[in-house]
There are 2 protein chains.
Amino acid sequence: MLKYLAIKNSLKQQIQQGIYGIGDLLPSENELCARFSITRTTARKALDELIREGFIEKKQGIGSVVRERRQSLGLLNVKGFSEAVGHNVKTIFLKKPAIRDWSEEIKIPVSEKEKKSACIHFERLRCVGGEPVMLENNWLAARDLDGLLRHDFVDASFFKTLSRNHLIEITGSESELRAENADEKISSLLKIKRGASVLHISLKFKTSHPDINIYSELYCNTKKYPVGNNYQI
Amino acid sequence: MLKYLAIKNSLKQQIQQGIYGIGDLLPSENELCARFSITRTTARKALDELIREGFIEKKQGIGSVVRERRQSLGLLNVKGFSEAVGHNVKTIFLKKPAIRDWSEEIKIPVSEKEKKSACIHFERLRCVGGEPVMLENNWLAARDLDGLLRHDFVDASFFKTLSRNHLIEITGSESELRAENADEKISSLLKIKRGASVLHISLKFKTSHPDINIYSELYCNTKKYPVGNNYQI
DNA sequence: TAGTGGTCTAGACCACGGT
DNA sequence: CCGTGGTCTAGACCACTAG
């Protein structure tokens, strides 16, 4: 097996189990070299992966510090969703996860490699207080994702399911935002007038798996619930 | 300076200028080694950066392939408009920076402390290729900002000015997104039909100065240039 | 088969942070 | 001062892709 991957996974596990807590220092690069009989290049490659996945950050003169892993990841949240979790929010599957064709609807270019593999797709309608506020379509390559189609999502969360059951972490996102007029389908699903302004969000979530990205096309009725977004550098 | 940075920037420039087009192969790693008198480690580091920034992807056995990069108004990130969009940009000041009242228009709540101090405001129209695409209003507390009103912005960039002249850095942001219908003012300034869909972004930039946040209200015509946003853990 | 990128070794010198 | 990470050299062998 690849050395840097073995070491990365070993450290990642220890972080997830709390053996290294937030703010703790991981073994220094030289320490890792000695302990695993590797060179610094390999140790650094392992640590670079952990940085990419958001588990640590490095500080010159100090070491590799375990980071708090951000939950939101620049993910756009419908305002009121988080506060309303549990009571007021409902998610309706319009199409359950299944193997379907890659859609022309996806705005952000899908890589050739992904296009060549099968595609998992699902469609959901998000409601707040009984009113539909967001239509969500998701696509991703069906690689190493055994069981995703057969089992329900963990806590109804797709990302949680990917992390827990498939060890895939979100490492970044790319999005395009457009204000558009609702067409027939959108207006009837979101129960708004034909031609009303809707926020169209095209999203690509990058993951720790190099051949898996998650592509989403979202349509939001922002009249009552604007879409929110927070960053912290 | 740093070799890998110099090489990365050189390649990046050549991609941006179209010397390497989409789908083209960059020089191979060995070629870079020979051309710049470096080792493969350094060449790979340079290419790794280009991957991270989304300019290329590598294919084993083939080479480094230039990727499609989407043209959009890179906005919600901290880079700022000019750097994100590129060359074709023009900015027109509708109202030059001056002391004005805090506006009711600001959607994200302004802290009491800020409201008590004077307010700097300015309004700009951003154009790409001669067409107006975004109306921008900005407000911030006039604390420790001597000279901001008297001098032009550094490279026409507000953020750069804050950083260079006032040592204030952006540390985070909070935003709300709405799809709305253009009113009289917006439609005439952006040269679109009354009632057309526009993207309304309410932004709060947090800074390294605890008592200074930047509040912005943006109206974007996303027909030609969607608003883009990248996030990396 | 020749060329590409992927992994890895075994060193070196530097800048930074805390003691 | 010493240990940390940051950069860089000069090699090696491997897996993949194309002609």
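Quick caveat, the model's predicted, so the values are computed rather than measured. Residue numbering restarts at 1 for every chain, and letters A, B, ... go by the order of the sequence lines.
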Within the 4.5 Å heavy-atom criterion, are B:E57 and A:K113 side-chain neighbours or not?
no

Heavy-atom side-chain proximity of B:Y20 to B:P27 below 4.5 angstrom:
yes

Euclidean distance, B:S111 OG relative to B:I212 CD1, rounded to 0.5 Å
11.0 Å

Rounded to whole Å, please give me the gap between CD1 in A:I56 and P in D:dT4.
15 Å

Separation of C:dG5 atom P from B:I51 atom CD1, nearest Å, is 10 Å

Nucleotide by nucleotide, nucleotides 7-14 of chain C touches protein heavy atoms under 4.0 Å in the pattern (B base, S sugar-phosphate only, - none) BSBB-B--

With heavy-atom distances below 4.5 Å as the criterion, would you say the side chains of B:L32 and B:L11 are in contact?
yes

Under the rule for side-chain hydrogen bond (donor to acceptor under 3.5 Å, both in side chains), what residues qualify as partners of A:S10, not counting sequence neighbours?
A:Q14

Under the side-chain contact (heavy atoms from CB on, under 4.5 Å) criterion, do A:K45 and A:T39 qualify, and how do the steps go?
CA-CA 10 Å; A:K45 174 82 172 165; A:T39 53; over 6 Å; no

The dot-bracket string of DNA chain D, counting Watson-Crick and G-U wobble pairs with both distances under 3.5 Å, using [ ] for crossing pairs and | for pairs to another strand, is ||||||||||||||||||.

Would you say B:F158 and B:F205 make side-chain contact, with heavy atoms under 4.5 Å?
no

Does a side-chain N or O from A:K58 land closer than 4.0 Å to OP1 or OP2 of D:dG6, or not?
yes

Please indicate whether B:K223 has more than 12 foreign heavy atoms, meaning atoms of other residues, nucleotides or ligands, lying under 6.0 Å from its NZ.
no

Starting at CG of A:L25 and ending at P of C:dG18, how long is that distance when rounded to a whole Å?
11 Å

Take the protein atom CG of B:D48 and the nucleotide atom C1' of D:dG6, then report the distance between them rounded to whole Å.
15 Å

Starting at atom CG of B:L32, determine the distance to atom C1' of C:dG5, rounded to an integer number of angstrom.
12 Å

side-chain contact (heavy atoms from CB on, under 4.5 Å), that's the test. Do A:I99 and A:I120 meet it? Break it down for me.
CA-CA 5 Å; A:I99 300 289; A:I120 297 175; 4.0 Å; yes

Nearest-Å distance, CG (B:N30) to C1' (C:dG3)?
8 Å

Any side-chain N or O of A:S28 under 4.0 Å from OP1/OP2 of D:dT4?
yes

